[in-house]
Amino acid sequence: MTAELHSRRTVLTTGAAVAGAAVGAVALTACGSDAPSSGSAAAPPASAPGETLAALADIEVGQAKAAKTADGKDVIVTRTAEGTAAAFSAICTHQGCAVVPAGAELKCPCHNSIFDAKTGAVKKGPADQPLPSIAVKVANGQVVTA
């Protein structure tokens, strides 16, 4: 009977260890499985030419605003000068989190990467690739895809 109890303990202990390892693997996978890894730039959202992203008057010169494309992709629109704008993918090139405007910078809340809002360039890592740019123009006071 002692061998039988030992056998059950071994099975239970082994089963618990395997279950724990599986949970750990799932947790690590959820931390960044399909997101771009360091060194691989995310593709900019594809937009139809002429799609309105933001009203130029809603953005102060030197500032940025989060927006969405018609198909729901996150973008950042920056007013670079009085009558000009730039746009970038809002997806951080480090691990795929959405960046948020913070004055003249774009900050990633996940790992604290900082990007220049006018150029999309990395100012502080861990991201090492700029945000992909989106071609835009100003037409009738609106920032639209080019």
Side-chain angles (χ1 to χ4, degrees), residues 7-146:
S7 201
R8 287 182 191 160
R9 282 189 198 123
T10 302
V11 169
L12 289 174
T13 304
T14 303
V18 169
V23 169
V26 169
L28 287 175
T29 300
C31 190
S33 63
D34 290 329
S37 62
S38 182
S40 73
S47 298
E51 179 182 334
T52 299
L53 299 177
L56 191 63
D58 290 346
I59 310 166
E60 292 181 38
V61 174
Q63 304 293 304
K65 176 182 179 179
K68 288 196 181 282
T69 61
D71 62 353
K73 303 274 196 243
D74 292 320
V75 296
I76 298 292
V77 181
T78 302
R79 189 169 182 178
T80 54
E82 191 58 37
T84 61
F88 307 95
S89 168
I91 305 305
C92 180
T93 56
H94 175 242
Q95 288 288 325
C97 297
V99 298
V100 293
E105 298 178 330
L106 307 172
K107 295 185 177 183
C108 179
C110 296
H111 300 106
N112 300 316
S113 290
I114 298 175
F115 300 87
D116 184 292
K118 285 186 177 183
T119 65
V122 176
K123 292 178 81 174
K124 175 183 171 265
D128 62 0
Q129 296 291 312
L131 295 173
S133 65
I134 299 167
V136 294
K137 63 183 180 180
V138 176
N140 299 321
Q142 301 294 312
V143 180
V144 298
T145 54

What pair of heavy atoms forms the shortest contact from Ile76 to Ala90, and how long is it?
-> CG1-CB, 3.7 Å
Within a strict 4.5 Å, meaning less than it, do heavy atoms of the Lys68 and Asp74 side chains meet?
-> yes
Hey, what do you get for CG (Leu56) to OG1 (Thr84), rounding to the nearest 0.5 Å?
-> 8.0 Å
Which atoms form the tightest heavy-atom contact between Val99 and Pro109, and what is the distance?
-> CA-CD, 4.4 Å
Residues two or more places apart in sequence or in another chain: which of them pass side chain to side chain contact (heavy atoms under 4.5 Å, CB included) with Val122?
-> Phe115, Ala127
Nearest heavy-atom approach of Ala67 to Val77 is CB-CG2, 4.2 Å
Between Glu51 and Ala70, is there a donor-acceptor pair closer than 3.5 Å when you use the side chain of the first and the backbone of the second?
-> yes
Determine, stepwise, if the pair Val144 / Lys137 fulfils side-chain contact (heavy atoms from CB on, under 4.5 Å).
-> CA-CA 6 Å; Val144 298; Lys137 63 183 180 180; 3.7 Å; yes
Any side-chain heavy-atom pair of Leu106 and Cys92 under 4.5 Å | no
Could you tell me whether the side chain of Asp116 and the main chain of Lys118 form a donor-acceptor pair under 3.5 Å?
-> yes
Closest approach of Ala87 and Val136, non-hydrogen atoms and distance?
-> CB-CG1, 3.6 Å
Any sub-3.5 Å donor-acceptor pair from Thr78's side-chain atoms to Ala117's backbone N or O?
-> yes
Gap separating the CD atom of Glu105 from the NZ atom of Lys123, nearest 0.5 angstrom | 4.0 Å
Find out if the SG atoms belonging to Cys108 and Cys97 lie under 2.5 Å from one another.
-> no
Is a side-chain donor or acceptor of Ser89 paired with a backbone partner of Val75 at a separation under 3.5 angstrom?
-> no
Roughly how far apart are Gln95 CD and Cys110 SG, rounded to 0.5 Å?
-> 8.5 Å
Please report the closest heavy-atom contact between Pro130 and Thr93, naming both atoms and the distance.
-> O-CG2, 3.2 Å
Which residue pairs satisfy the side-chain hydrogen bond (donor to acceptor under 3.5 Å, both in side chains) criterion with at least one member in residues 55-65, sequence neighbours excluded?
-> none
